[in-house]
Engineer: 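This is the structure I want to talk about, given as structure tokens.
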Amino acid sequence: MFAKKYLDFLLSFRTIYLFIIVVSTLFFVVNIDSKQLSNDERAWLIGTSQYNKLIQKGATSQDGSKVEIFLKDGKINTANINELRTIFNFLITKTSQESVSSFFNHKFATLQTDGESSFIELASLEKLSDDLIFDKLHSHLNDFSQFFGSDGSIIFYVYGFNINNLELNTTLDYKISQFVPYSTPFDESIFLLGTLIVLTILLSIFFRNLSAPLIGISFIIATSSATIYIFKEIIGDYTAHISILILSFVISFLDFLYVYYRWFILQQKRDSQNSIIRTIERTFAPVTVTKIINIIGIGSLIFVETDILKSLGAMVIISSITGMFYTYTYLPLVFSYLNITNPHTKSEHMFSLFSEQIKNYNKHFLYVFIYVTASMMIFGLYYFNNSHENKNIDNSRVIKLAIDVNQTEISIELLEKLQQFSQIINYDQQNNNIDEVEKIVSIYTEINSLYKQEQNKELNLSSSDFDLDRYIFMLDMFGGTESYFDKNQTRIDIYLKESSSKNKILNNLEKSKMEFSIIDTDSLLQTAINESFMILASLLIFILFIIFIAILLLTKSYLYGLIGLFLTIVPLIWFLSIVAILNINLSTDMFIAMIIAVAISSDSMIHLLHYYNKLEQENRFADNGINRIFLYVESPLIFGNIILAVTFLMLAFFGIASLVTIGIYSTMIVLFSLMTDIFILPVVILETRAKWREQIVINSN
């Protein structure tokens, strides 16, 4: 009765309500300030603990690029040194002397012996002849190891400038890559236009009429424009990440398709108005529950410090509320003008075949599937727990740290502190006999190197034969002491043999509780990924708990709650297991794909279990229950997943890295979710129902 009264209320002001919705949508579209979305990885830095620490100290992160020069024979010689010098000078003219770091201008300290006395010489190769440079590189190879790639390439580091579009005038092969890719401008209209074209085609084919694409497109425009406008008004001058709009679209579209399909198919036996009433009655509870899950679960991200996660949570809350509002105002009003004749879909015959096959399932296949899934989950947990080095972005192999020293001169206390850092950095490689660090550059390591050259033994800072003042005096002769300090800070530069080792080193430093700041953007982003990984992993567990509670409250059954919980995580298990098998690095884009997966899976699960529970309560399941589930619930959810898979796959063709990965990962998870909904959930329902019936018979006897 409530649905009828509510619809009568809407229809009594139908023209006014539609006018308000149309005018407000036009207003939102026209007044969205920014027409651009961000796909900049740097967005993950803002608000993270390490980045905040850097900002609080008034420092800025060092961003940059690396230029890899590939020598023809893989070895440096006097002939190609001159060409490398030309490249070095060209980079300096385009940037500045201080921004380019290479073996030419790298200052290294050597111990010179003059008779019975020795002294330190601080020099660079920049002004030497090609022959002398060749000799110095080979006689002091360890001093320049950070500028040689593992494949024999020569590496120039350029800080503070975007040189991605520079063309080098050289016969040598080269590659310029940024530590963290800059944002590529992306106009959301491209994404929306492509999405709308795909939706128009698929909806027209599936429903065999034009009302579905017209209503669907207008619904998406209305909800998306309202969400983005409200988001801008609340959050302020913030450019949303592309993944935020994608998630907003997913949440809105699934509900539209489910409600439209129910109204559409009900007209096989009812007129349009009675179909609207029945649709409101049957969809309001599951749609409300899915919105609450999204708001409480994903929306809880507004409480984290990271700006991109906070904005993601805010967007989901706004999208859920606006989607709910338009679903039960705009859609019923538009439906009231239409009356579908012969409401049949292209998929009805196919889904009826599915339902007939499901009825004759073999329960052994279900048990095999459960065992395989459980095994894959154990494998995935073991793999990610023991493969921390794989959770990294694969780019720069340099870690730059700044350490507060509150002094501008070298002391024993300072050297001891830097020695501790060196020991922490090298701990795992010594403990596990893994050689991962190419070189550590700091005041301590430089003095230690000079001491070993002079004394032929490792430096002992407490030893009586270590004369620190003597080394300071010799360094000061070349201005060496000042070069190690910057605003009461000293630097430690860590050069790794492989970038994949970066995450392990950063984890060791974080666990050490030593005070330091990360100053290179690439390493900062790595810590942001680690931080986001823990937050989102906790969020996924929290969402799964909410899903269990929601299904429990909706169906009053612990069994349904456990079924929903298990089948919601199945797509995630399979996805992460494949990621582990293929040894793919975890990334921020993968996190977004997993959140999308939870939103899609929980939506499908709640609708299916809610309808099944209704049939059971009304004693109508035995009478063709599986056919009803496929007709009224499975069909729109399966079709919705197919549309989402096609939409996400479209993103892979935009040529923008973050869109490509989000598109591919989301497509994979949507397809896993689709397989679960078609082949597993109905079988689980039938199997548990059979067990439940058997138990009732046993108890009655």
Side-chain angles (χ1 to χ4, degrees), residues 1-14 17-18 207 211-212 215-216 219 223 251-294 320-340 343 345 348 550-557 560 564 602-637 639-640 685:
M1 290 299 293
F2 170 78
K4 185 178 186 310
K5 290 180 179 179
Y6 174 72
L7 181 61
D8 290 340
F9 173 75
L10 282 180
L11 296 181
S12 62
F13 301 97
R14 179 168 63 176
Y17 286 155
L18 281 177
F207 289 103
S211 69
I215 297 174
F219 178 83
T223 54
I251 291 172
S252 299
F253 175 73
L254 284 174
D255 287 332
F256 156 73
L257 187 62
Y258 182 65
V259 170
Y260 178 87
Y261 178 87
R262 178 60 71 93
W263 165 76
F264 177 86
I265 210 71
L266 281 173
Q267 291 179 80
Q268 291 180 355
K269 299 178 180 179
R270 297 172 176 83
D271 59 29
S272 177
Q273 183 157 329
N274 284 322
S275 296
I276 297 171
I277 295 170
R278 188 72 168 177
T279 298
I280 294 173
E281 290 175 343
R282 291 297 189 182
T283 64
F284 187 79
V287 169
T288 301
V289 169
T290 57
K291 296 301 183 187
I292 291 173
I293 290 173
N294 289 327
S320 297
I321 294 172
T322 56
M324 187 74 178
F325 173 78
Y326 282 101
T327 297
Y328 291 105
T329 55
Y330 176 70
L331 291 182
L333 290 173
V334 175
F335 292 164
S336 67
Y337 284 99
L338 302 173
N339 190 31
I340 305 297
T345 66
E348 283 183 57
I551 295 175
L552 180 63
L553 294 175
L554 194 65
T555 63
K556 307 292 191 300
S557 170
Y560 294 162
S602 65
D603 196 302
S604 303
M605 213 63 58
I606 287 170
H607 284 300
L608 284 163
L609 290 174
H610 176 261
Y611 188 68
Y612 166 65
N613 185 53
K614 279 285 186 183
L615 291 177
E616 279 287 83
Q617 287 181 346
E618 297 168 2
N619 293 317
R620 292 192 297 137
F621 183 83
D623 181 21
N624 222 10
I626 287 294
N627 295 69
R628 288 173 177 273
I629 285 178
F630 268 90
L631 176 63
Y632 289 110
V633 186
E634 285 274 20
S635 294
L637 294 178
F639 180 61
I685 287 175

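Residue indices begin at 1 and follow the sequence shown. As the structure is a prediction and not an experimental result, all values here were calculated from the model.
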Engineer: As an exercise, state the distance from CZ of F219 to OG1 of T327, rounded to the nearest 0.5 Å.
Structural biologist: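 Interatomic distance, F219 CZ to T327 OG1, rounded to 0.5 Å: 3.5 Å.
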Engineer: Please examine the side chains of I293 and I606, heavy atoms only from C-beta on, and report whether any two atoms are closer than 4.5 Å.
Structural biologist: yes
Engineer: Between R270 and I277, does the side-chain contact (heavy atoms from CB on, under 4.5 Å) criterion hold? Intermediate values first, please.
Structural biologist: CA-CA 10 Å; R270 297 172 176 83; I277 295 170; over 6 Å; no
Engineer: Using the side-chain contact (heavy atoms from CB on, under 4.5 Å) rule, take I215 and F335 through it: C-alpha gap first, then chi angles, then the decisive distance, then the call.
Structural biologist: CA-CA 9 Å; I215 297 174; F335 292 164; 4.1 Å; yes
Engineer: Please round to the nearest 0.5 Å and tell me the distance separating atom OH of Y326 and atom OG1 of T322.
Structural biologist: 7.5 Å
Engineer: F284 versus M324: any side-chain heavy-atom pair under 4.5 Å?
Structural biologist: yes
Engineer: Dump the intermediate steps for side-chain contact (heavy atoms from CB on, under 4.5 Å) on L338 and W263, then the final yes or no.
Structural biologist: CA-CA 11 Å; L338 302 173; W263 165 76; 4.0 Å; yes
Engineer: Can L18 and V334 be said to form a side-chain contact (heavy atoms from CB on, under 4.5 Å), step by step?
Structural biologist: CA-CA 8 Å; L18 281 177; V334 175; 4.2 Å; yes
Engineer: Classify the angle between the aromatic ring planes of F9 and Y17 as parallel (below 30°), tilted (30 to 60°) or perpendicular (above 60°).
Structural biologist: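 The arrangement is tilted - the two ring planes meet at 30° to 60°.
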Engineer: Do the two ring centres, one from Y6 and one from Y328, sit under 6.0 Å apart?
Structural biologist: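 No, the ring centres sit 6.0 Å or more apart.
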Engineer: Backbone N or O of V259 within a donor-acceptor pair of the T279 side chain at under 3.5 Å?
Structural biologist: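 Answer holds: no.
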Engineer: Closest approach of S211 and I340, non-hydrogen atoms and distance?
Structural biologist: OG-CD1, 3.9 Å
Engineer: Do any N or O atoms from the side chain of N613 and from the backbone of L609 form a donor-acceptor pair under 3.5 angstrom?
Structural biologist: no
Engineer: Taking the side chain from K269 and the backbone from L266, do they hold a donor-acceptor pair closer than 3.5 Å?
Structural biologist: no
Engineer: Starting at CD1 of I551, measure out to CG of L554 and round the result to the nearest 0.5 Å.
Structural biologist: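 Interatomic distance, I551 CD1 to L554 CG, rounded to 0.5 Å: 8.0 Å.
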Engineer: Got a second to check how far F13's CZ is from L333's CG, nearest 0.5 Å?
Structural biologist: 12.0 Å
Engineer: Between F264 and Y260, how do the two ring planes meet: parallel, tilted or perpendicular, split at 30° and 60°?
Structural biologist: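 Aromatic pair F264/Y260 classed parallel.
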Engineer: Compare every heavy atom of F256 with every heavy atom of A212, then report the nearest pair and how far apart it is.
Structural biologist: O-CZ, 3.8 Å
Engineer: Should T223 and F325 count as side-chain neighbours, where that means a heavy-atom distance under 4.5 Å?
Structural biologist: no
Engineer: Where do Q267 and N339 come nearest, in terms of heavy atoms and distance?
Structural biologist: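 The pair with the smallest heavy-atom distance is OE1-OD1, 3.3 Å.
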Engineer: Show the nearest heavy-atom pair for residues S320 and K291, with the distance to one decimal.
Structural biologist: O-CD, 3.6 Å
Engineer: So do V287 and H610 actually touch side chain to side chain, heavy atoms under 4.5 Å?
Structural biologist: no
Engineer: Do the side chains of L615 and Y611 get nearer than 4.5 Å, heavy atoms only?
Structural biologist: yes
